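Heads up: the structure comes next, in structure tokens.
Just so you know, residue 1 is the first one in the sequence shown, and it goes up from there. Quick caveat, the model's predicted, so the values are computed rather than measured.
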Amino acid sequence: MERHIRRKHGDEVMKATFKEALKGLRKTPKDIEGLSILIDGMDVKKLEELDVDLETAEGMARMFNEVFFRGDWRKHVEWIKRYGSREQRREDIPLIERLMRENRKRK
């Protein structure tokens with residue numbers, strides 16, 4: 001049964017579960033909208049496959065970027081500008097811009 005759910009319904013079930021969890025949070029409509037957008041765009045398989053150090057800010061940023069923005073750093077920054085907290089805008093955007101520059105240098 002578990003294998004069937006993962007193979008046939010995995011992405012949809014995980015996204016639906018996350019969205020259901022949002023209902024229990026005390027968030028503003030803007031927060032809920034922003035989180036729903038993330039969930040809708042989520043690459044569940046990438047979440048399972050990704051190997052990054054989630055104990056570092058860089059690792060978390062890379063995970064978010066790959067899983068929720070499919071590697072598009074600009075979309076990541078735009079999402080933070082629109083839905084992120086003041087702290088996220090102050091701390092995360094400079095980090096993401098640095099990671100964008102590093103990725104460009106590698107290519």
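- Residue Glu91 comes nearest to Pro94 through the heavy atom pair O-CD, 3.5 Å, listed as atom of the first residue, atom of the second, then distance.
- A distance of 9.0 Å separates CD of Gln88 from CD1 of Ile93, quoted to the nearest 0.5 Å.
- Closest heavy-atom contact between Met63 and Val52: CB-CG2, 3.9 Å.
- Every residue was checked against the side chain to side chain donor-acceptor pair (under 3.5 Å) condition with Arg89, not counting sequence neighbours, and none meets it.
- The line from CZ of Phe68 to CG of Asp43 is 10.0 Å long, rounded to the nearest 0.5 Å.
- Qualifying side chain to side chain contact (heavy atoms under 4.5 Å, CB included) partners for Glu55, counting only residues two or more places apart in sequence or in other chains: Asp53.
- We find the CZ-CZ distance between Arg106 and Arg101 to be 13.0 Å, quoted to the nearest 0.5 Å.
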Could you pull out all donor-acceptor pairs under 3.5 Å where a side-chain atom in residues 75-84 meets a protein atom, sequence neighbours excluded?
residue	atom	partner	partner atom	Å
His76	ND1	Asn65	ND2	3.3
Trp79	NE1	Gly34	O	3.0
Tyr83	OH	Glu33	OE2	3.0

Subject >> From CA spacing to verdict: side chain to side chain contact (heavy atoms under 4.5 Å, CB included), Arg70, Lys46 >> reply: CA-CA 9 Å; Arg70 300 182 188 261; Lys46 183 64 85 170; over 6 Å; no

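- No side-chain heavy atom of Arg62 sits under 4.5 Å from any side-chain heavy atom of Thr56.
- Looking at Glu102, its side chain never comes within 3.5 Å of a backbone N or O of Leu99 through a donor-acceptor pair.
- In this structure, Leu95 and Ala57 approach most closely via the heavy-atom pair CD2-O, 3.6 Å.
- Separation of atoms CH2 (Trp73) and CD (Glu66) is listed at 7.5 Å; rounding is to 0.5 Å.
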